[in-house]
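What follows is a set of notes on a single structure, which appears directly below.
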Amino acid sequence: MIKILSSEQFRNADRFTIEHEPVAAIDLMERAAQKFCDMYGRLSVQGVNYIFCGHGNNGGDGLAIARILSQNKHEVNIFILKSANYSYDFLMNLSRLKKIQGISVSYIESENDFLNIEFQPGDKITEQAAHTPVIVDALYGTGLNKPVTGVAAKLIAFLNKQNAVRVAVDIPSGLSADHHTEGICFQADHTITFHAPKLSFFFPENYKSTGDIHVADIQLDKNFISSLSSRNFLIERRDVQQRIKPRKKFDHKGTYGHAFIHAGNTGKMGAAILCAKACARMGAGLTTVLLPENQSAVLNISLPEVMTEEYQGENIPDDLKKYTAFAFGPGIGTTDKSKRIFLSLLKKISSPVVLDADALNILSKKKNRWTLIPKNSILTPHLKEFERLAGKSLNWEERHRLQVRLSEEHFLCIVLKGANTCITTPDGISYFNSTGNPGMAKGGSGDVLTGMIVSLLAQSYSPEDACIAGVYLHGLAADLAVKDQSEPSLLATDIIKNIGNGYNSLLDLKK
């Protein structure tokens, strides 16, 4: 797991590294600038570089970056916000920069100085068509704790309007690392951040500021980082590799459990098929789907590996003890009959269940919804389903706090689906996923995830591990699928087809 640290913790890690490596602060800054330039070189952005520096250490990073880029034959132009309070390391890097000939340095004191900024596309070396200019933002770092105002705010607004590639150093200027941001922010196409992503990077409302995120390891003291506490983590490949249970020679279908899925209804049998197929593909020993009367044929033909039970009227199965895991919701509908059947089933179960889609929509109408759900159950809402359950939030920081609180208060794992799906646990920990792509924004993807998670529950994974492995593999399968497809053409069935490739990828530790 990658710890998602607060801005204060990052500063403490910097300080500890300086004192105990030991390394001079100016040399740690040089290391960060070099790592930034290494990552910058992989972005394949070409053009004249316009580097904007503030008065603090983020500006010092910018000056060091300018020097390194210039030494590597990049054309650079530097613009510095006028200040009476430049940091010591900023001034040290400015002194080093002035020893290099041919670098343009200008100061910005007012809006009138914007007129001197000429974003000239072009490449003096090649005869190819002109490349887009590149704006590098090193105005403000993680230490900023209030909205940007004055000439700096006007400068950021000006830069955001330019026809240029925009790259932020560590964090886009104006964006808070830890909290919801008020006021203007630099809108980067790429953010090259130091050591690890910041919490605010995982909130969708900030994507217009961060763009694509790239992590540059600046080698902060690993023992000190390990000693820091955090309640927020980014899931890594090895975390899932460590959780996957190997199969043994004499195992049999009973070893891997029996999943019970209540899904599907008239016009929505696809949801049942997708969920059940994902469950079987994920490794459950047996899978049974509870369906309305006269609906078994379509599923039996589509999935001969999966069994069915039908309910007639509102007569539900009496014997649920033979099942080892339960999932409810995909495509069951929200009619009065659907509500009564689902709630009757839920009352019969005390073990953790997976609740998705219409199961969540039905519960959202019940005042005592949280008392109806068995402890340690898994809820997999998308944004609107979460809002129906929990109410609306003013911003994503508030929504994240609410998700954590609900998990703690009601002993639930909540999987809030999105670009960086967030899993919260009963002990108040948040896990952000690192796999997946926009092609998954299509009907059926959530049904597949429900099937994958209930399959892992059936195989005796803990609810937390089922969420972590299921969400990661769900995204990984989609990432593998788009190699043969594309994001617009990706189907939920393509994700299912690549579950096996995802397993193979994880189990081959050399990949």
Side-chain angles (χ1 to χ4, degrees), residues 1-33 35-36 39 54 56-61 87-89 138-147 168-182 185 188 191-203 206 209-210 213-236 238-239 395-401 403-405 407-408 420 422-425 427-434:
M1 295 285 177
I2 295 176
K3 287 182 181 179
I4 301 171
L5 303 177
S6 68
S7 54
E8 182 179 359
Q9 287 175 315
F10 274 119
R11 286 192 292 274
N12 290 338
D14 277 348
R15 189 178 304 114
F16 187 92
T17 301
I18 289 167
E19 293 174 357
H20 293 83
E21 186 172 330
V23 58
I26 190 68
D27 293 332
L28 182 59
M29 184 176 285
E30 185 75 8
R31 182 193 299 173
K35 295 292 185 179
F36 177 96
M39 184 64 69
N57 284 350
N58 193 248
D61 290 331
S87 73
Y88 174 80
D89 291 328
L139 293 170
Y140 296 102
T142 57
L144 189 70
N145 56 15
K146 59 183 179 181
V169 178
D170 196 26
I171 188 170
S173 291
L175 184 67
S176 170
D178 309 316
H179 302 294
H180 173 68
T181 297
E182 298 289 347
C185 297
T191 296
I192 299 177
T193 194
F194 298 139
H195 181 72
K198 283 56 175 173
L199 179 61
S200 64
F201 291 3
F202 297 99
F203 299 152
N206 293 329
S209 292
T210 64
I213 297 164
H214 315 271
V215 177
D217 182 4
I218 61 172
Q219 299 170 319
L220 297 178
D221 189 278
K222 291 181 179 180
N223 291 331
F224 183 77
I225 295 292
S226 297
S227 73
L228 296 173
S229 63
S230 178
R231 299 177 74 81
N232 301 300
F233 297 86
L234 179 64
I235 302 169
E236 293 183 282
R238 61 184 177 182
D239 301 317
N395 54 65
W396 275 91
E397 182 191 5
E398 182 178 281
R399 185 174 290 111
H400 179 238
R401 287 201 304 266
Q403 182 186 349
V404 172
R405 180 170 63 78
S407 285
E408 290 178 315
N420 287 109
C422 179
I423 303 162
T424 52
T425 66
D427 54 3
I429 301 299
S430 297
Y431 299 102
F432 292 89
N433 188 41
S434 57

Next on the checklist: I need the single residue from D14, I225, I2 that forms a side chain to side chain contact (heavy atoms under 4.5 Å, CB included) with H195. Which is it?
Outcome noted: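 Answer to the side chain to side chain contact (heavy atoms under 4.5 Å, CB included) test with H195 among D14, I225, I2: I225.
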
Item to check | Candidates N206, L234, T191 - the one meeting side chain to side chain contact (heavy atoms under 4.5 Å, CB included) with F201 | outcome: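 Looking at N206, L234, T191, the match for F201 under the side chain to side chain contact (heavy atoms under 4.5 Å, CB included) is T191.
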
Any idea which heavy atoms bring [X] and [Y] closest together, and the distance?
{"X": "G174", "Y": "L144", "value": "CA-CD2, 3.6 Å"}
{"X": "N57", "Y": "S87", "value": "OD1-OG, 2.9 Å"}
{"X": "G141", "Y": "N58", "value": "N-CB, 3.5 Å"}
{"X": "D178", "Y": "L5", "value": "OD1-O, 4.3 Å"}

Atom pair [atom1]/[atom2] of [X] and [Y] - distance to nearest 0.5 Å:
{"X": "D27", "Y": "E30", "atom1": "CG", "atom2": "CD", "result": "7.5 Å"}
{"X": "F36", "Y": "M29", "atom1": "CZ", "atom2": "CE", "result": "13.5 Å"}
{"X": "S430", "Y": "L199", "atom1": "OG", "atom2": "CG", "result": "8.0 Å"}
{"X": "I171", "Y": "S173", "atom1": "CD1", "atom2": "OG", "result": "8.5 Å"}
{"X": "S407", "Y": "I423", "atom1": "OG", "atom2": "CD1", "result": "10.5 Å"}
{"X": "L228", "Y": "Q9", "atom1": "CG", "atom2": "CD", "result": "5.0 Å"}

Checklist entry - After noting the C-alpha distance and the side-chain angles of N232 and S230, does the key distance pass the side-chain hydrogen bond (donor to acceptor under 3.5 Å, both in side chains) rule? => result CA-CA 6 Å; N232 301 300; S230 178; 4.8 Å; no

Checklist outcome for this item: For F202, the ring-ring contact (aromatic ring centres under 6.0 Å, His included) test, sequence neighbours excluded, returns F432

Is a donor from one side chain sitting under 3.5 angstrom from an acceptor on the other, for [X] and [Y]?
{"X": "S200", "Y": "H179", "answer": "no"}
{"X": "S7", "Y": "T142", "answer": "no"}
{"X": "T193", "Y": "K198", "answer": "yes"}

Taking the side chain as everything from C-beta on, heavy atoms only, tell me whether [X] gets closer than 4.5 Å to [Y].
{"X": "Y431", "Y": "M1", "answer": "yes"}
{"X": "H180", "Y": "W396", "answer": "no"}
{"X": "F233", "Y": "K3", "answer": "yes"}
{"X": "V215", "Y": "F194", "answer": "no"}
{"X": "T17", "Y": "V23", "answer": "yes"}

Within the side chain of [X], is there an N or O that forms a donor-acceptor pair under 3.5 Å with the backbone of [Y]?
{"X": "H20", "Y": "F16", "value": "yes"}
{"X": "E398", "Y": "N395", "value": "no"}
{"X": "N420", "Y": "S434", "value": "no"}

Next on the checklist: Does anything in residues 214-229 form a side chain to side chain donor-acceptor pair (under 3.5 Å)? List the pairs, not counting sequence neighbours.
Outcome noted: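 Pairs touching residues 214-229 that pass the test: H190-H214.
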
Which residues satisfy the salt bridge (charged side-chain N to carboxylate O under 4.0 Å, His left out) test with [X], sequence neighbours excluded?
{"X": "E397", "answer": "R401"}
{"X": "E408", "answer": "R231"}
{"X": "E236", "answer": "R238"}

Checklist entry - Would you call R31-E21 a salt bridge at under 4.0 Å N-O? => result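 Yes, R31 and E21 are salt-bridged.
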
Checklist entry - Who are the side chain to side chain contact (heavy atoms under 4.5 Å, CB included) partners of T181, not counting sequence neighbours? => result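 T181: side chain to side chain contact (heavy atoms under 4.5 Å, CB included) contacts with L175, S176, C185.
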
